[in-house]
Amino acid sequence: MDFDVSTWMMIFFVILLSVSIYKIYAFLPNKSLKDDDKTKESQEELEAIILKIIKSKNNDLTRAELCELVKNDKDFDKEHFWRFNLNRLNHLLEDLKAKGLVSI
């Protein structure tokens, strides 16, 4: 059984392609991280906290005050939402405004 050069090249190509695809697959994230605050559930939790605070203060807040109140809320998990800042609050408020839930 004598193979020519092109057959050997094709065999090595298929083998190395399989190894490369496996290596790429092994490093792709398969599950979300436990401190990932960009998931739908995390966003809904933050929105609920924001709405609760806005309703309790009757919309008499600046965004900076609201950010501090959210960070100091008893339901706010500081380890899970460690990246929460004023910019993230602004994005959440814009989403809530688009849904028609807030006017701050």
Side-chain angles (χ1 to χ4, degrees):
M1 191 180 248
D2 190 21
F3 294 121
D4 59 344
V5 174
S6 63
T7 306
W8 283 111
M9 288 175 62
M10 183 56 80
I11 291 170
F12 282 116
F13 173 76
V14 170
I15 291 171
L16 293 176
L17 180 66
S18 302
V19 170
S20 300
I21 290 173
Y22 172 74
K23 287 175 72 173
I24 291 171
Y25 172 76
F27 286 104
L28 290 176
N30 295 327
K31 59 182 179 175
S32 63
L33 300 173
K34 67 179 183 177
D35 68 341
D36 185 11
D37 61 347
K38 300 288 185 175
T39 62
K40 183 179 179 186
E41 295 81 16
S42 297
Q43 185 166 343
E44 289 173 354
E45 184 179 344
L46 276 175
E47 288 175 353
I49 294 171
I50 291 168
L51 289 173
K52 177 181 74 169
I53 293 172
I54 289 174
K55 288 177 183 175
S56 70
K57 298 295 182 179
N58 296 325
N59 287 344
D60 293 333
L61 295 169
T62 64
R63 290 184 179 216
E65 291 171 342
L66 180 59
C67 183
E68 288 305 315
L69 289 172
V70 169
K71 287 181 182 178
N72 295 329
D73 190 71
K74 65 178 177 65
D75 296 330
F76 183 77
D77 184 7
K78 292 182 181 184
E79 291 180 12
H80 182 72
F81 299 112
W82 63 275
R83 287 177 260 175
F84 183 77
N85 58 17
L86 186 59
N87 188 37
R88 177 83 172 121
L89 176 67
N90 289 334
H91 286 286
L92 289 169
L93 286 173
E94 292 301 320
D95 289 343
L96 289 171
K97 189 184 286 188
K99 293 176 184 176
L101 298 174
V102 296
S103 62
I104 190 171

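Note that this is a predicted model, so its numbers are computed, not measured.
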Nearest-0.5 Å distance that lies between atom NZ in K71 and atom CG in L69 | 11.5 Å
Taking ring-ring contact (aromatic ring centres under 6.0 Å, His included) as the test, write out the residues that go with F12, two or more places apart.
-> none
dist I50:CD1 -> K55:NZ (nearest 0.5 Å) comes out at 12.5 Å
Look at atom NZ of K52 and say whether more than 12 heavy atoms of other residues, nucleotides or ligands are closer to it than 6.0 Å.
-> yes
Do I54 and L96 have side chains that get closer than 4.5 Å, going by heavy atoms?
-> no
Taking every heavy atom of D75 against every heavy atom of I49, the minimum-distance pair comes out as O-CD1, 3.7 Å
Is K99 close to E47 at the side-chain level, that is, under 4.5 Å between some pair of heavy atoms?
-> yes
ILVMFWY clustering at 4.5 Å (side-chain atoms), partners of L17 = M10, F13, V14, I21
Rounded to the nearest 0.5 Å, what separation is found between the CD1 atom of I11 and the OG1 atom of T7?
-> 6.5 Å
If you measure from CG on L92 to CG on D95, what distance do you get to the nearest 0.5 Å?
-> 6.0 Å
Go through the structure and list residues passing side chain to side chain donor-acceptor pair (under 3.5 Å) with W82, not counting sequence neighbours.
-> D35
So F76 and F81, would you call those rings parallel, tilted or perpendicular, with 30° and 60° as cut-offs?
-> parallel
Please indicate whether E44 has more than 12 foreign heavy atoms, meaning atoms of other residues, nucleotides or ligands, lying under 6.0 Å from its CD.
-> yes
Quick one: pull up CD in E68 and CG in D73 and give me the separation to the nearest 0.5 Å.
-> 12.5 Å
State plainly whether the residues E94 and R63 are in salt-bridge range, i.e. N to O under 4.0 Å.
-> yes
Roughly how far apart are L61 CG and S56 OG, rounded to 0.5 Å?
-> 7.5 Å
Please report the closest heavy-atom contact between N85 and C67, naming both atoms and the distance.
-> C-SG, 3.9 Å
Considering non-hydrogen atoms only, spot the tightest contact between R83 and D36 and give its length.
-> NH2-CA, 4.1 Å
Is a side-chain N or O of S20 found less than 3.5 angstrom from the main chain of L16, in a donor-acceptor match?
-> yes
